[in-house]
Amino acid sequence: MNPSFILKFVTVCEAYFTLEEFAEIAEVFGVQIDALTKSEPRWLSVCREITAKLEHGSTRAFVDNILEFAELRNNDEVAHQTWERRDFHMGMFSVLTETRELLSGSATPSEVTVSAGYGFTAKSKVRELVAAATTDLLVVDPYIGLGTLDCLRDVTVSIRLLTGNHPQAIEADFERTITSFIGEGHNLMVRRAKALHDRHLTFNDRCWLVGGSLKDAGKKPFHCIEIIDKATVVADLESRWLDATPFP
């Protein structure tokens, strides 16, 4: 995230919230902010922590709502304050606008859609999506191959790859491909599970449903959409991983 976002976000929060109120709203969204538990919490530390966790769970939704709340308060203050205070809040309007723009420009997408025949574009968009992972990445895909690892080449965290146990699930010579992938510094584990049908990505406390195998991304229309009510889905995927057989 652009450092300018942190500084502008600090300015917005200081102008329109108390730390106590901010903590209450964070609790509503299920966002834990360790900096708020310090004996003397400071806005800079709080906003830096939030920015670092921006793509985790409901943090972005929390920040979106904080900015929306601040915009409403800004409008109210402009309408009802004295001229001296009104000038301050009119100046804050541009800060709010810039903060919103910086936030929008940094988003990990909740949906990826690419038309058939655009394989390079599809794989590029998948690489951009998973490269945002700062936690363990779980990839669930009944069919894997060289193209799968091509989509994962920019990931810097540990990768768990869960695929099917039928003969066509893994491309020929994939074991040697894994060795090369790990040799380039990637932390990768592969397991095989029974009755695997759907495709998913989970990382940063978020979960996506993928319409087609990553190895073939772009050969057919490619769709990837975030699952918001994800708890049951993620629990099932983790259970399948625990029960799966290591490969090779």
Side-chain angles (χ1 to χ4, degrees), residues 1-2 5 54-56 60 101-193 196-228 230 233-234 237 241 247-248:
M1 169 63 73
N2 189 325
F5 171 81
L54 194 58
E55 300 304 332
H56 290 228
R60 179 173 287 273
E101 290 174 350
L102 288 168
L103 178 66
S104 299
S106 69
T108 297
S110 59
E111 182 176 355
V112 175
T113 301
V114 181
S115 300
Y118 290 85
F120 178 82
T121 299
K123 284 189 170 60
S124 177
K125 286 186 175 294
V126 173
R127 282 195 292 270
E128 290 177 7
L129 175 65
V130 296
T134 56
T135 67
D136 170 273
L137 167 65
L138 174 61
V139 180
V140 180
D141 195 329
Y143 298 91
I144 61 174
L146 175 60
T148 309
L149 299 186
D150 184 29
C151 289
L152 305 177
R153 69 189 188 194
D154 294 333
V155 176
T156 58
V157 297
S158 298
I159 304 169
R160 292 180 294 154
L161 183 53
L162 181 63
T163 191
N165 67 346
H166 48 89
Q168 295 78 31
I170 300 177
E171 286 183 351
D173 207 27
F174 189 65
E175 185 174 345
R176 187 169 65 179
T177 305
I178 292 174
T179 302
S180 299
F181 191 72
I182 294 174
E184 292 182 5
H186 295 283
N187 186 344
L188 173 69
M189 291 186 292
V190 182
R191 293 186 181 182
R192 308 184 73 171
L196 204 61
H197 303 292
D198 294 329
R199 301 162 179 85
H200 292 90
L201 302 170
T202 72
F203 61 91
N204 293 356
D205 194 28
R206 296 170 68 181
C207 178
W208 288 261
L209 176 66
V210 185
S213 290
L214 297 187
K215 71 182 184 67
D216 298 323
K219 291 183 179 179
K220 299 178 180 179
F222 181 81
H223 305 286
C224 176
I225 188 166
E226 185 171 4
I227 300 172
I228 303 302
K230 63 186 183 302
V233 175
V234 173
L237 296 177
W241 173 262
F247 174 86

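Note that these values count all heavy atoms, side chains included, but never hydrogens, waters or copies made by symmetry.
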Asker: Pairs in or reaching into residues 120-140: which pass ring pair (Phe, Tyr, Trp, His ring centres under 6.0 Å), with residues at least two apart or in two chains?
Answerer: none
Asker: With a 4.5 Å cut-off on side-chain heavy atoms, are Thr148 and Thr163 touching?
Answerer: no
Asker: Looking at CH2 of Trp208 and CD1 of Ile225, how far apart are the two atoms once the value is rounded to the nearest 0.5 Å?
Answerer: 12.0 Å
Asker: Before giving the answer on side-chain contact (heavy atoms from CB on, under 4.5 Å), spell out for Val234 and His200 the whole-Å C-alpha distance, their side-chain angles and the decisive distance to 0.1 Å.
Answerer: CA-CA 9 Å; Val234 173; His200 292 90; over 6 Å; no
Asker: Please check: side-chain N/O of Arg199 versus main-chain N/O of Val140, any donor-acceptor pairing under 3.5 Å?
Answerer: no
Asker: Do Lys125 and Thr113 make a side-chain contact, defined as non-hydrogen atoms from C-beta onward lying under 4.5 Å apart?
Answerer: no
Asker: Rounded to the nearest 0.5 Å, how far apart are CG of Leu209 and NE2 of His223?
Answerer: 11.0 Å
Asker: Can you list every pair that meets ring pair (Phe, Tyr, Trp, His ring centres under 6.0 Å) and has a residue in residues 122-170, with sequence neighbours left out?
Answerer: Tyr143-His166
Asker: Donor-acceptor pair, Arg191 side chain versus Arg160 backbone, under 3.5 Å?
Answerer: no
Asker: To the closest 0.5 Å, what do you measure between CG (Asn165) and CG (Leu196)?
Answerer: 8.5 Å
Asker: For the side chain to side chain contact (heavy atoms under 4.5 Å, CB included) test, which of Thr202, Val157, Asn204 pairs with Thr135?
Answerer: Asn204
Asker: Checking side-chain contact (heavy atoms from CB on, under 4.5 Å) for the pair Leu237/Leu162: CA distance, chi angles, key distance, verdict?
Answerer: CA-CA 9 Å; Leu237 296 177; Leu162 181 63; 5.7 Å; no
Asker: Does anything in residues 175-187 form a side-chain hydrogen bond (donor to acceptor under 3.5 Å, both in side chains)? List the pairs, not counting sequence neighbours.
Answerer: Ser158-Asn187, Asp173-Arg176
Asker: Would you find more than 12 non-hydrogen atoms of other residues, nucleotides or ligands less than 6.0 Å from Phe247 atom CZ?
Answerer: yes
Asker: From Asp141 CG over to Leu201 CG, what is the distance, rounded to the nearest 0.5 angstrom?
Answerer: 8.5 Å
Asker: Report yes or no: does Glu226 contribute a side-chain atom to a donor-acceptor pair with the main-chain N or O of Arg206 at less than 3.5 Å?
Answerer: no
Asker: With the side chain counted from C-beta on, respond yes when Phe181 and Asp150 share a heavy-atom pair under 4.5 Å apart, and no when they do not.
Answerer: no
Asker: Report, as yes or no, whether the 6.0 Å neighbourhood of atom NZ on Lys220 holds more than 12 heavy atoms from other residues, nucleotides or ligands.
Answerer: no
Asker: Please check: side-chain N/O of Lys215 versus main-chain N/O of Leu149, any donor-acceptor pairing under 3.5 Å?
Answerer: no
Asker: Roughly how far, to the nearest 0.5 Å, is CG of Leu129 from CD of Glu55?
Answerer: 9.5 Å
Asker: Report the C-alpha distance between Asp198 and Val233 in whole Å, list the side-chain angles of each, state the deciding distance to 0.1 Å, and finish with yes or no for side-chain contact (heavy atoms from CB on, under 4.5 Å).
Answerer: CA-CA 11 Å; Asp198 294 329; Val233 175; over 6 Å; no
Asker: Nearest 0.5 Å, please: how far is CZ in Phe203 from CD1 in Ile159?
Answerer: 11.5 Å
